[in-house]
Amino acid sequence: MKEILAAGKIILYPTDTVWGLGCDATNYVAVDKIFKIKQRSESKSLIILVSDEQMLKDYVEEIPAEILIYLKNVDRPTTVIYPKAKNLAANVIASDGSVAIRIPQDDFCKSMIENFGKPIVSTSANISGEPTPTFFKEISSSIIEACDFVCTFRQDDETPRQSSRLVRFLSNGKIEVLR
């Protein structure tokens with residue numbers, strides 16, 4: 001899969017939450033393909049997955065200690081909006097310079113990201129505005145056909161999963177839960 005991502009291709013893969021469309025989060029052209037597949041405005045940011053805290057440091061300016069403490073104690077996959085992104089494709093960074101990043105606890109995702117050596121986009125495998133597919137069998141054929149590579153791992157898995165919690169840490173140290 002490393003070669004596929006390095007070539008700017010789009011993958012369909014199981015994440016620690018729902019099935020996702022993914023690509024190299026540092027490749028502007030690949031990210032643009034994701035927006036086109038989803039028929040989504042670039043004004044709506046995408047989530048990025050990194051393998052661990054060390055990789056996270058390469059893509060955000062600062063990581064307050066309370067965020068790392070919080071992440072060690074969460075009970076479900078949690079995406080954090082960090083205020084100052086760096087070294088990512090411009091079209092994954094929000095207009096205010098922030099980026100939404102999750103460190104997955106799922107072994108498959110962590111291994112894939114570690115092997116690739118860079119962050120991967122993770123956005124639900126659906127047309128923007130349509131329901132998020134919970135299982136592989138719910139993904140529309142148009143989404144599947146638009147991908148360059150479809151992962152076969154966990155296609156039969158029907159374990160209930162949900163989208164990640166999305167949080168932002170405010171300057172006063174409080175946590176704002178966005179979903």
Side-chain angles (χ1 to χ4, degrees), residues 1-38 40 42 44-65 67-72 74 76-94 97-125 136 139 143-144 146-155 157 161 163-169:
M1 200 162 340
K2 179 178 182 175
E3 297 78 20
I4 293 164
L5 290 165
K9 306 283 186 182
I10 307 304
I11 63 170
L12 179 61
Y13 67 107
T15 73
D16 55 331
T17 58
V18 297
W19 274 76
L21 293 171
C23 69
D24 176 352
T26 67
N27 182 324
Y28 186 94
V29 173
V31 173
D32 189 54
K33 290 178 191 174
I34 297 264
F35 280 110
K36 287 182 174 131
I37 291 169
K38 286 189 66 78
R40 181 176 174 150
E42 280 192 27
K44 288 190 76 182
S45 300
L46 301 171
I47 292 174
I48 307 304
L49 300 182
V50 296
S51 59
D52 53 32
E53 291 173 24
Q54 190 58 45
M55 184 180 281
L56 177 63
K57 292 175 185 177
D58 293 335
Y59 298 97
V60 295
E61 289 291 330
E62 58 186 76
I63 307 166
I67 291 176
L68 297 178
I69 292 166
Y70 174 80
L71 289 174
K72 288 184 186 339
V74 294
R76 68 182 251 214
T78 301
T79 301
V80 176
I81 297 176
Y82 295 89
K84 297 178 183 170
K86 64 180 184 179
N87 303 322
L88 292 165
N91 49 353
V92 297
I93 300 172
S98 67
V99 64
I101 298 180
R102 182 168 75 253
I103 301 171
Q105 300 305 312
D106 177 82
D107 290 336
F108 172 77
C109 284
K110 285 180 85 81
S111 175
M112 180 178 62
I113 298 162
E114 286 169 359
N115 186 36
F116 182 50
K118 292 196 249 179
I120 296 173
V121 166
S122 177
T123 184
S124 58
F136 179 80
I139 300 169
I143 293 286
I144 294 169
C147 295
D148 299 299
F149 177 81
V150 178
C151 184
T152 57
F153 182 62
R154 288 202 325 233
Q155 283 189 4
D157 184 2
R161 298 181 192 272
S163 298
S164 67
R165 176 182 293 133
L166 182 63
V167 301
R168 176 190 329 256
F169 281 76

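Just so you know, residue 1 is the first one in the sequence shown, and it goes up from there.
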Atom CD1 in Ile34, atom CG in Leu21: separation rounded to 0.5 Å? 5.0 Å
Closest non-hydrogen atom pair between Ala30 and Gly8, with its separation: CB-O, 3.6 Å
In Å, rounded to the nearest 0.5 Å, how long is the span from SG of Cys109 to OH of Tyr13? 6.0 Å
Residue pair Ala125 / Leu12: nearest heavy atoms and the distance that separates them: CB-CD1, 3.5 Å
Side chain proximity check, Ile37 to Ile143, heavy atoms < 4.5 angstrom: yes
Under the criterion side-chain contact (heavy atoms from CB on, under 4.5 Å), I'd like the reasoning laid out for Leu5 against Phe149: C-alpha separation, chi angles, the key distance, then a yes or no. CA-CA 9 Å; Leu5 290 165; Phe149 177 81; over 6 Å; no
Looking at Ile103 and Glu53, what are the two nearest heavy atoms and their distance? CD1-N, 3.9 Å
Please answer whether the main-chain N or O of Ile10 pairs with a side-chain N or O of Asp148 as donor and acceptor at a distance below 3.5 Å. yes
Using the rule given for side-chain contact (heavy atoms from CB on, under 4.5 Å), can you reason through Ile81 versus Leu166, listing the C-alpha separation, both sets of side-chain angles and the distance that settles it, and then say yes or no? CA-CA 7 Å; Ile81 297 176; Leu166 182 63; 3.9 Å; yes
Would you say the side chain of Thr123 lies within less than 4.5 Å of the side chain of Arg40, judging by non-hydrogen atoms? yes
d(Leu49 CG, Thr79 OG1) to nearest 0.5 Å is 7.5 Å
For residues Val167 and Thr78, report the shortest heavy-atom separation together with the two atoms involved. CG2-CG2, 3.9 Å
Begin from the C-alpha positions of Tyr82 and Glu61 and carry the test side-chain contact (heavy atoms from CB on, under 4.5 Å) through to its verdict. CA-CA 9 Å; Tyr82 295 89; Glu61 289 291 330; over 6 Å; no
Where is the tightest heavy-atom contact between Val50 and Pro119, given as atom of each residue plus distance? CG1-CB, 3.8 Å
If you round to the nearest 0.5 Å, how far is CD1 of Ile113 from CD1 of Ile120? 5.0 Å
What's the spacing between Cys151 SG and Met1 CE if we round to 0.5 Å? 4.5 Å
Please determine, by modelled atom types, if Thr17 and Ser164 share a side-chain donor-acceptor pair under 3.5 angstrom. no
Report the distance from atom CZ of Arg168 to atom CD1 of Ile67, rounding to the nearest 0.5 Å. 11.0 Å
Other residues, nucleotides and ligands only: do more than 12 of their heavy atoms fall within 6.0 Å of NZ on Lys86? yes
Going by heavy atoms in the side chains, are Val99 and Tyr59 under 4.5 Å from each other? no
For Asp16, the option from Gln105, Lys110, Arg76, Arg102 that meets side chain to side chain donor-acceptor pair (under 3.5 Å): Arg102
For a quick test of reading the model, state the closest non-hydrogen atom pair linking Phe153 to Pro14 and the distance between them. O-CG, 3.5 Å
Are the side chain of Lys118 and the backbone of Ala6 linked by a donor-acceptor contact shorter than 3.5 Å? no
